[in-house]
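To start, the structure itself, in structure tokens.
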Amino acid sequence: KNGFLIRKVHADPDGKRTPRGKRGWKSFYAMLKGMVLYLQKDEYRAERELTEEDVKNAVSIHHSLAMRAADYSKRPNVFYLRTADWRVFLFQAPNPEQMQSWITRINVV
Ligand code: I3P
């Protein structure tokens with residue numbers, strides 16, 4: 001599954017609150033491949049090698065949980081992603097259908 005997602009980093013490994021200055025919303029082109037959610041700054045280009053930054057931004061979704069951010073009302077179509085190492089991200093999808101589709105796809109693998 002591919003598509004644009006806007007990400008906010010809410011918690012770092014072990015659930016430590018991400019410090020101010022690193023909590024802003026950033027747009028990515030997201031690609032779910034196997035157990036990895038790749039987040040690229042530019043739109044996906046098939047032949048492109050992953051950059052160092054792409055690797056850094058990639059998230060392992062093994063033992064992770066996605067759920068609608070029912071308690072977050074500042075933006076629509078936002079879901080949480082909690083990873084196995086207790087990082088927490090918020091992702092804003094372009095519409096409710098895309099949000100639900102990402103949640104379902106992340107939770108089935
Ligand atoms: C953050 C940025 C986020 C905001 C967050 C700020 O600042 O303004 O948009 O989250 O608030 O800390 P920075 O870019 O300097 O990290 P919201 O959009 O959800 O308000 P927060 O600390 O209350 O999460």
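In each ligand, atom 1 is the first atom listed, and ligand 1 is the first ligand listed.
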Once ring-ring contact (aromatic ring centres under 6.0 Å, His included) is applied, do any residues pair with Phe89, and if so which ones, sequence neighbours excluded?
Phe91
Take atom CH2 of Trp86 as the centre, draw a 6.0 Å sphere, and report whether it contains more than 12 heavy atoms from other residues, nucleotides or ligands.
no
May I have all residue pairs that pass salt bridge (Lys or Arg N to Asp or Glu O under 4.0 Å) and include part of residues 75-103, sequence neighbours excluded?
Asp85-Arg87
Which residues pass the side-chain contact (heavy atoms from CB on, under 4.5 Å) test with Ser60, not counting sequence neighbours?
His62
Are more than 12 heavy atoms from other residues, nucleotides or ligands located less than 6.0 Å from atom NZ of Lys1?
yes
Which protein residues have a heavy atom under 4.0 Å from ligand 1?
Lys8, Arg17, Arg20, Gly21, Lys22, Arg23, Gly24, Trp25, Tyr72, Lys74
Any side-chain heavy atom of Val59 sitting closer than 4.5 Å to one from Tyr38?
no
